[in-house]
Each structure stands twice: as structure tokens, then as C-alpha cells.
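The next block holds one structure in the form of C-alpha cells; read it before the comments.
Source: prediction; values computed, not measured. Keep in mind that the numbers below use all heavy atoms, side chains included, and drop hydrogens, waters and symmetry copies. Quick note on labels: first sequence line is chain A, next is B, and so on, each numbered from 1.
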Amino acid sequence: MSSSWKSVMKLSSMTGASLAGWLAGKHYERHWSGSLGKNDGRRSFLYGTNVKSFPGLPIFGTVSAAAPIHSADEFNEMGPKLSVSESRISQIMKYGFPGLDNIRSYDDFVLSYDRRNRVAHWVFEHLTKESLKKNDQIDRSKCEFVPDTSIHPFFRSQNTDYKKSGYDRGHLAAAGNHRLHQKHIQQTFYLTNMAPQVGAGFNRSSWNRLEIYVRSLTNIYKDVYVCTGPLYLPKVESDGKKYVRYEVIGSNHVAVPTHFYKIIVGETKDLKLEMEAFVMPNAPIDDDAPLKNFQVPPESVERAAGLLFFDKLSKNKLHKINGKSIK
DNA sequence: TTTGATGT
């Protein structure tokens, strides 16, 4: 039994969710090396299609055929967001877009919004030691959670949805990752960047521990790319069938994810790449549980989320996955 | 420290 399988089994038994199929995947051992090592016939949603056929997508830089589009109706209210530095966005998105649903670009992170669940599909960040430098001018307590008016009111989450729900408004792009400018940290407080998270025992402890670990990777790698998002995982119920079951909160029915993922790529000075993937249940977690217990094969997160992470990454530069050499 | 909610 591989270590990744064992860790998933541990995770599975902790959460009661049937993670085995999705998160370990019988396919993993047979296909993972193949899909990383050579073209396995997967057609990239982004790079195998004509990007221009998607109207109104603010795609910058990484796609040569695409140019920023400034006239989409939904963006009329977002004046400041149109001035987002294109070079910064292309830097954040260096390894490609995991998916193309409702992309939003902010000054220091990029996200894709899931209108049906009122929670983002994914949030992408790029961290360096420099970008995390301590700035005493930044005051987190001055930040306010604000609805994102670039989202149609039908699909926009509101503070009232979270109020008395029992869940935290948990950051996907962590506030602590964007302390260079007050404007940057404020932008992480858009409700588009929030998901309902269990507060005690999760958001305020082990999930925070994982965020701190990601920041610490900037001491090892020149560049750290991190993608964060929710999962809605199936669970075997008493009739033996699998169901995806999750709570929705507030009048806008904001979905409460069953789990959250982080996929991280560290880039060394000599351009070697190392990848790590974590999945944690949206539930209280023992503070003493090592983060390693929550590592899963990256491909299992792709299958569960319906996304392709780091599809543009040069597979021959990828040296390690979850700390294990793949060469 | 950083992560938050709640009540006055």
C-alpha cells in the first residue's frame, strides 16, 4: 500500500467521506506518471480551445491570442479592477488556468467563481519572500468583508448569508499572503474570496497552519504558486450508494464545501519544480495532526474538482510530488 | 501570530 493511499485512508476515516475513489483513485498508480510524463490525450480546456470564443473573459498574458476585454457588462461596476497590472496577473497565472468559469482578476490574486454554489472554484496566488515582507503599515482590522458587485445579484453571496450560520467567512486567498499594500489585503475580503468554513478547529487552527506552512515555503523556493478551492465530495450512505451532500446557508444558499484543497508548486532558483497537494475536511481537525496526513495525489484533486492544475507546467522540470522524488 | 464571530 503506497503512503499516499494510506494517508487518504486516514483522511477518509477521519471524515467519514468516501475519499478513496476520488482522492486516491485506482487510476493514480496506473496513470499519474503517464499523464505527467507524456501526452495522455487529455485535451486542455484552455489551451486546446479558442479562447476568443469565450466573450468577456479578462484573460491576460499567459494566452497569446487573448487580450483584456474591457466592455463586458458585468465589469461596468468594477472600475478599479480594470487597472490590475497585466504583468502581475500573467505572473500569478504562469502555469495556466485550472478552469475558465467566471474569472475575476484582483491586484494580487485571480479567482474563478462558481455562480451555482456562490463560492469560488479556485483562487490562484503567487508568493515570494519579498511579497510576504512584514509591513507595519498594514492593518488587517481595518478590512471589511464586502460583497463583490461584479457578480450578478442572483449569484452574489452576502454577509447576511454567513451571519449566525455557525460558519466563518474563511479566506481562500489568505489575508496574510497579501500584506504589501492595504488595498491588496482589503481585496482578499471580497466575499467572492470567502467560503463557509468551520471556525473552531479548522479555519482558526489547522487550515491556518496549512496557510502558514505555504508561506514558509518561500524560504525554500524562489517562487511559490498556490491554488486553493472547495470540494464537494461524495459519501457512501446507508443504502450503499454514493451521494454528494452539503449544507447551504442564508437566503442565497451559499454552499458549505465538504472539503478544501491546496495545490502548491515551488520553483527553485535553477527552475526545478516541486508539487504538493493537500485536502482537508471542513471539520474540526486535531491540532496535533501532521499536515503530511492531508497530502493527496494532485491528480485526485483534479478529478474531484473538475479542474486541471498547472496544465502548462513543464513536466520534465517536475522533480518531486508530495516530497517524493518522481525521477 | 493569524484566523475569525458576536454583542453592546
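Within the structure, the salt bridge (charged side-chain N to carboxylate O under 4.0 Å, His left out) test picks out the following pairs touching residues 249-267 of chain A (sequence neighbours left out): Lys94(A)-Glu267(A), Lys222(A)-Glu267(A). Sorted by first and then second residue, the salt bridge (charged side-chain N to carboxylate O under 4.0 Å, His left out) pairs involving residues 160-171 of chain A (not counting sequence neighbours) are Asp168(A)-Arg204(A). Residue pairs meeting the salt bridge (charged side-chain N to carboxylate O under 4.0 Å, His left out) criterion with at least one member in residues 116-131 of chain A, sequence neighbours excluded: Glu130(A)-Lys133(A).
Within residues 120-141 of chain A, the residues that have a heavy atom under 4.0 Å from DNA chain B are, in order of number, Arg140(A).
Residue contacts for Gly170(A): at a heavy-atom cut-off of 4.0 Å it reaches the sugar-phosphate backbone alone, with no base atom in range. Counting any heavy atom pair closer than 4.0 Å across all strands shown, Gly199(A) reaches no nucleic acid atom. As judged by a 4.0 angstrom heavy-atom cut-off over every strand, Ala200(A) is placed among residues making no nucleic acid contact.
For Arg215(A), whose side chain is taken as the heavy atoms from C-beta onward, the closest listed nucleotide among dG7(B), dT2(B), dG4(B) is dT2(B). Side-chain atoms of Asp168(A) lie closest to dA5(B) of the nucleotides dA5(B), dT6(B), dT3(B). Considering only the side chain of Arg179(A), dT2(B) comes nearest among dT6(B), dT2(B), dA5(B). Here dA5(B) is the nucleotide among dA5(B), dT3(B), dG7(B) with the atom lying nearest to any side-chain atom of Phe145(A).
For the pair Asp287(A) CG and dT1(B) P, the interatomic distance rounds to 17 Å; values are reported in whole Å. Spacing between atom CZ of Phe202(A) and atom P of dT3(B) amounts to 14 Å, rounded to whole angstrom units. Distance CG (Leu172(A)) to C1' (dT2(B)): 16 Å, rounded to an integer number of Å. Gln197(A) places its CD atom 10 Å from the P atom of dA5(B), with the value rounded to the nearest Å. Atom CG of Asn159(A) and atom C1' of dT6(B) are 14 Å apart (whole Å). Here the P atom of nucleotide dT3(B) and the CG atom of Asn193(A) are 11 Å apart, to the nearest Å. Atom P of nucleotide dT3(B) and atom CZ of Arg204(A) are separated by 12 Å, given to the nearest angstrom. When rounded to the nearest whole Å, the span between OH of Tyr162(A) and P of dT3(B) equals 16 Å.
Applying the side chain to side chain contact (heavy atoms under 4.5 Å, CB included) test to Ser112(A) and every residue at least two apart in sequence or in another chain returns Asp101(A), Ile103(A), His121(A), Trp122(A). Residues passing the side chain to side chain donor-acceptor pair (under 3.5 Å) test with Ser206(A), sequence neighbours excluded: Arg209(A).
In this structure, Asp108(A) pairs ionically with Arg88(A), as a charged nitrogen and a carboxylate oxygen lie closer than 4.0 Å.
In this structure, the separation between OG on Ser157(A) and CG on Asn117(A) is 11.5 Å, given to the nearest 0.5 Å.
Contact check, His171(A) against dG4(B): a side-chain N or O comes under 4.0 Å of OP1 or OP2.
No donor-acceptor contact under 3.5 Å links the side chain of Asn203(A) to the base of dT3(B).
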